[in-house]
A.B. asks: 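Starting off with a structure, shown below.
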Number of protein chains: 2
Amino acid sequence: MATIHDVAARAGVSAATVSRVFAGSGVSQDKVRVVLAAAEEMGYTPNRTARALRLQTSTVIALIVVDIENPFFTSLARGVEDVTRAAGYSLVLCNSDDDPVREGSYLDVAVSERMAGVILVPTSDRCDLSRLADRRTAIVTVDRALHSHPVDAVVVDNVAGGRSATARLYERGASRVACITGPRDADTAELRSAGWRQEFRRFSPTADPDAYLEHADYRVDGGRAAMARLLDAAEPPDAVFVANNLMAVGALAELRSRGLAPPSFGMAAYGDLPYMPLGPSGVDVIPMPTRLIGATAATVLLERIKGSADPLRTVVLRNESD
Amino acid sequence: MATIHDVAARAGVSAATVSRVFAGSGVSQDKVRVVLAAAEEMGYTPNRTARALRLQTSTVIALIVVDIENPFFTSLARGVEDVTRAAGYSLVLCNSDDDPVREGSYLDVAVSERMAGVILVPTSDRCDLSRLADRRTAIVTVDRALHSHPVDAVVVDNVAGGRSATARLYERGASRVACITGPRDADTAELRSAGWRQEFRRFSPTADPDAYLEHADYRVDGGRAAMARLLDAAEPPDAVFVANNLMAVGALAELRSRGLAPPSFGMAAYGDLPYMPLGPSGVDVIPMPTRLIGATAATVLLERIKGSADPLRTVVLRNESD
DNA sequence: TCGACCCCCGAAATCGATTTCAGATGCTCC
DNA sequence: GGAGCATCTGAAATCGATTTCGGGGGTCGA
């Protein structure tokens, strides 16, 4: 591999001049030409590792999601990659599986590689960002906000989404709308069920909300089990708001296995169900602007990397159908 | 950030000794203890950039897929990431969108970053790997093999899969099975349709295969349009083998829009349809061991990175249901 | 003609780790 | 006690780019 010194020797100039040619400043036209010609002939590609060492920062960004196989995160990742690639950055993909230990080791790698920034779906509110902060590495959280450590965040209006999904089910004639939400320590789960609770109180004032609220784990099987518990109750609901896409898939499977199905049994889901073209399912969907969330997070991150000192901000995107 | 010299100073040894402690060789117990203590106190994290520069190789691997939003590649990526993470490598995600230019610029970055290896879904047979080869960067192709430039590859038996899917449709009573395959320059498209052709000749000896073969672009809309063309023909088929998952989604949508649907109109698809639990669709699926393909490719790549000089190999995985 | 100034350019230091080479130390065995 | 050997340690070179600092040469105005 040709180095900057090889090119310099061939062009009859110093390495400093070659470096300046590529940085684009303060070199006479003559030398620019001869250097570019030499670089071309030798197939010179600057060594980004050396550059990163000298500059103390690389052009690599980490994206830490729960699981890339969840279509929500897939689409998010695509939005992030589109923006970072256009800006000349590489994207490192990390699956935390919601495990704080895994998340921590990915964060360590980000520090160790001197990455320029991190886009993070935090596993919990108490994830340790001190190492990143020491190095002033740019951080943006997505989907979930982080209260313990103030950073930029890009989220959706979960309460509004939960409210509108629930209201829609009541408007379509449901008399009692249950809710399947995520784990107690996930703030999205709490917010979405809070939105549901507001509408439930309004439309079913005599019923006890807690009897119609199930917590599950944001996964298919959890959604299915929660749906089963709701249906087995003494006074089962006639509609359900499910707080994420995977649990909705599970809930739908449970309903179908019992001969129930939307729209006769009402169902609304937070986030697109994957590949709905496969069949009109009668499920009311609160679509999330997933690619946009990713692209926005990447844009905010890149601004921080460029040195923006604006105050921290939380970007709240509206769900497309609110 | 503490450097190796800071730790050395604190421990009262030289940087060389600290380096050896972490490399794990030839240091007395006393010094090992004092060095580890010092490193711990100072929160020392080795700088991977410096390490990569010195060693002329990093612990980063590039994964270049067509589009991470296609569930086939998503699952593949997950398989790759599981294996590379366990081995201490980071994974850079690249979407080529089947564009050779994009692919080329990702390959340039891989060289420029001195990445340890590349796992590639090649956009075409004439993609330029010479730069990688110059640096002896390890390469494995997945899904599609590369004939122009011999490298390790992990693929599935596309002909067998096409054959078994087609045969199954005939066995279920279809009298004429059409085929929607991918672009002409994709070898998977040719192989899968070749499998279909064999069975078509056997079961429909009097019909012209070319009248029942459609080429599309491996995308949803292309599949839908191809299905429409088949149905609008003078003698439409009564079943169809679709060569990838996205086109199957499109074809299914077209069928449903015309009041047709599996299983009365037979359909078999190569590769899992995403989230089939959403409903029994009557589609015959040739499941692909997607995660395993990714994991296998990663394993082969890691062996090459470690220096294996075994002859090149093409791993052919069987489809799960063959 | 001389100073002031600007523009180009190269030598050398720098980033933080690894590794070679050579020196120091301690041990065994005659 | 001393030769021979193994073990441990540190100084210094190295990887390839960037950037500071200063020198050389040209222009301009007085």
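Just so we're on the same page: letters track the sequence lines, and every chain starts at 1. Since we're looking at a predicted model, the values are computed, not measured.
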A.B. asks: Got a sec, which residues hit side-chain hydrogen bond (donor to acceptor under 3.5 Å, both in side chains) with B/D98, two or more places apart in sequence or on another chain?
C.D. replies: B/R144
A.B. asks: Which part of the nucleic acid does A/F22 contact within heavy-atom distance under 4.0 Å: base, sugar-phosphate only, or nothing?
C.D. replies: nothing
A.B. asks: 5'-most contact on DNA chain D: A/H5 or A/R20, nearest heavy atom basis?
C.D. replies: A/H5
A.B. asks: Tell me what B/L55 touches on the nucleic acid: a base, only sugar-phosphate, or nothing, going by heavy atoms under 4.0 Å.
C.D. replies: sugar-phosphate
A.B. asks: For the helix from C/dT1-D/dA30 to C/dC30-D/dG1, how many degrees between its two end axes (five pairs per end), to the nearest 10°?
C.D. replies: 50°
A.B. asks: Holding to ring pair (Phe, Tyr, Trp, His ring centres under 6.0 Å), I want the full list of residues that pass it with A/Y44, two or more places apart in sequence or in another chain.
C.D. replies: A/F22
A.B. asks: Considering only heavy atoms of chain A and a distance under 4.0 Å, specify the first and last nucleotide of DNA chain C in 5' to 3' order that meet this criterion.
C.D. replies: C/dC8 to C/dG16
A.B. asks: With sequence neighbours excluded, tell me which residues meet side-chain contact (heavy atoms from CB on, under 4.5 Å) with A/A297.
C.D. replies: A/I119, A/V140, A/V142, A/V154
A.B. asks: Categorize A/R48 for me: base, sugar-phosphate, or nothing, with a 4.0 angstrom heavy-atom threshold over every strand shown.
C.D. replies: nothing
A.B. asks: Roughly how many Å is it from CD1 in B/I4 to P in D/dG10, rounded to a whole number?
C.D. replies: 12 Å
A.B. asks: Kindly check if the number of other-residue, nucleotide or ligand heavy atoms within 6.0 Å of CZ (B/R219) is above 12?
C.D. replies: no
A.B. asks: Of all heavy-atom pairs between B/L146 and B/S124, which one has the smallest distance, and what is that distance?
C.D. replies: CD1-O, 3.5 Å
A.B. asks: Mind checking what makes side-chain hydrogen bond (donor to acceptor under 3.5 Å, both in side chains) contact with A/R20, not counting sequence neighbours?
C.D. replies: none
A.B. asks: So which pairs with a foot in residues 306-315 of chain B pass side chain to side chain donor-acceptor pair (under 3.5 Å), sequence neighbours left out?
C.D. replies: B/E303-B/R313
A.B. asks: Kindly write out the residues that satisfy salt bridge (charged side-chain N to carboxylate O under 4.0 Å, His left out) with B/R126, not counting sequence neighbours, or none if the list is empty.
C.D. replies: none
A.B. asks: Only pairs at least two apart or in different chains count here, so list each side chain to side chain donor-acceptor pair (under 3.5 Å) that has a residue in residues 9-18 of chain A.
C.D. replies: A/R10-A/E41, A/S14-A/T17
A.B. asks: Within the 4.0 Å heavy-atom criterion, would you say B/R54 contacts the bases, only the backbone, or no part of the nucleic acid?
C.D. replies: base
A.B. asks: Applying side-chain contact (heavy atoms from CB on, under 4.5 Å), can you list everything that pairs with B/R51, at least two apart in sequence or on another chain?
C.D. replies: B/L55
A.B. asks: Where along residues 27-39 of chain A does a heavy atom come under 4.0 Å from DNA chain C, residue by residue in number order?
C.D. replies: A/V27, A/S28, A/K31
A.B. asks: Holding to side-chain contact (heavy atoms from CB on, under 4.5 Å), I want the full list of residues that pass it with A/A186, two or more places apart in sequence or in another chain.
C.D. replies: A/P183, A/T188, A/A189, A/Y218
A.B. asks: If you look at every strand shown and take non-hydrogen atoms under 4.0 Å, does B/T17 touch a base, only sugar-phosphate, or nothing?
C.D. replies: sugar-phosphate
